Asker: 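Structure provided below as structure tokens; questions to follow.
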Amino acid sequence: MNSIQCVCGTRVPASDDGDIFAPLRRHTDENHAELGITDEQIRGLITRASGMNDWDGERLILPENVEIHALTPDRQQDFLDYFDREAFIDNPAWAGCYCFFYRFCGTQEEWNASTPEKNREAQAAAIADGSATGFLAYADGVVVAWCHAAPRGDLPLLDAGPTDEDGDRVGSIVCFNVSPRYRQQGLSKSLLETACATFAADGFTVMEAYPALEFKTSAQAYHGSLSMFLDAGFERTGERESMAVVRKRFTA
């Protein structure tokens with residue numbers, strides 16, 4: 001392994017003898033000491049990164065034949081393969097989530113104690129029984145992006161917050177994950193359009209999303225950008241911690 005990209009956006013190269021642990025330990029101590037990252041966590045990150053697809057940091061032109069499909073049980077392996085090997089090639093520190101965070105029913109402490117293996121298993125089970133929802137974008141038959149969209153009541157972390165008269169007819173978009181190879185080419189916009197059209201057709205009255213008020217790297221923009229939602233007809237209706245709340249009401 002020649003390098004690992006930190007969540008801060010810095011690509012940390014291996015030392016001359018090929019060792020990546022020492023440079024990553026040094027980078028963490030010098031730039032992220034407040035996080036208290038342990039040697040065990042760094043070794044776990046290296047292990048996860050070693051199982052991912054290679055990436056030299058270069059962007060590729062997106063093929064023209066992009067297809068978007070709803071997540072269904074028969075697409076479980078496509079989802080898992082994408083999150084195992086491609087989704088976090090620029091940010092292996094977040095690779096253990098498997099986009100299960102908003103579905104998790106425990107406390108923040110219990111989530112922090114969970115493992116990538118447990119999260120993968122839980123998400124795989126949710127896909128298998130049809131309770132996990134979202135949309136996968138394919139290029140040349142391979143997954144290149146994901147959008148986590150679900151009824152708000154299916155996302156415990158959101159459902160614990162304020163509710164309104166729309167109740168369970170609110171759909172929520174909580175995550176976009178686009179392969180770093182293909183970012184800034186409209187995949188999130190296409191996924192957003194598909195999600196809104198699908199939820200409107202299914203009888204939902206409102207689509208809600210939570211773009212970050214600020215972010216430093218493209219990896220940290222996983223809620224989507226505020227400008228993208230405003231351009232798509234969403235209105236800013238409030239704030240939730242460090243995020244804006246935007247909503248789009250569907251007309252009959």
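As a basis for the values below, the full set of heavy atoms in this structure was taken, side chains included, without hydrogen atoms, waters or symmetry mates. Predicted model only: the values in this text are computed from it and were never measured.
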Asker: Taking CD in E121 as the centre, count heavy atoms belonging to other residues, nucleotides or ligands within less than 6.0 Å. Is the count above 12?
Answerer: no
Asker: Please say which of R11, R183, R181 ends up in a side chain to side chain donor-acceptor pair (under 3.5 Å) with D90.
Answerer: R183
Asker: Looking at R152, R169, R249, which one forms a salt bridge (charged side-chain N to carboxylate O under 4.0 Å, His left out) with E208?
Answerer: R152
Asker: Between A128 and Q76, which heavy-atom pair has the shortest distance, and what is it?
Answerer: CB-NE2, 3.7 Å
Asker: What are the two closest heavy atoms between F176 and C147, and how far apart are they?
Answerer: CE2-SG, 3.8 Å
Asker: For H223, what residues pass the ring pair (Phe, Tyr, Trp, His ring centres under 6.0 Å) criterion, not counting sequence neighbours?
Answerer: none
Asker: Step through the shown structure and confirm whether more than 12 heavy atoms of other residues, nucleotides or ligands are within 6.0 Å of CG on D129.
Answerer: yes
Asker: Whether the Y102 and D154 side chains hold a donor-acceptor pair (N or O, under 3.5 Å, no angle test) is what I'd like checked.
Answerer: no
Asker: Any chain of hydrophobic side-chain contacts (each under 4.5 Å) joining L191 to V66?
Answerer: no
Asker: Pick out which of F204, Y210, F199 makes a side-chain contact (heavy atoms from CB on, under 4.5 Å) with S172.
Answerer: Y210
Asker: Can you tell me how far the CG atom of D29 sits from the CG atom of L35, to the nearest 0.5 Å?
Answerer: 11.0 Å
Asker: Ring-plane angle category for F100 and F104, please: parallel below 30°, perpendicular beyond 60°, tilted otherwise.
Answerer: perpendicular
Asker: On a heavy-atom basis, which atom in A232 and which in K248 lie closest, and how many Å separate them?
Answerer: O-NZ, 2.8 Å
Asker: Applying ring pair (Phe, Tyr, Trp, His ring centres under 6.0 Å), can you list everything that pairs with Y222, at least two apart in sequence or on another chain?
Answerer: W94
Asker: Which pair of non-hydrogen atoms, one from P92 and one from I89, has the smallest distance, and what is that distance?
Answerer: CD-O, 4.5 Å
Asker: Looking only at non-hydrogen atoms, find the nearest pair between F21 and I46 and report the distance.
Answerer: CA-CD1, 3.8 Å
Asker: Only counting residues at least two apart or in another chain, list the ones meeting salt bridge (Lys or Arg N to Asp or Glu O under 4.0 Å) with R236.
Answerer: E239
Asker: Will you find, in the side chains of Q123 and N119, an N or O donor that is under 3.5 Å from an N or O acceptor?
Answerer: no
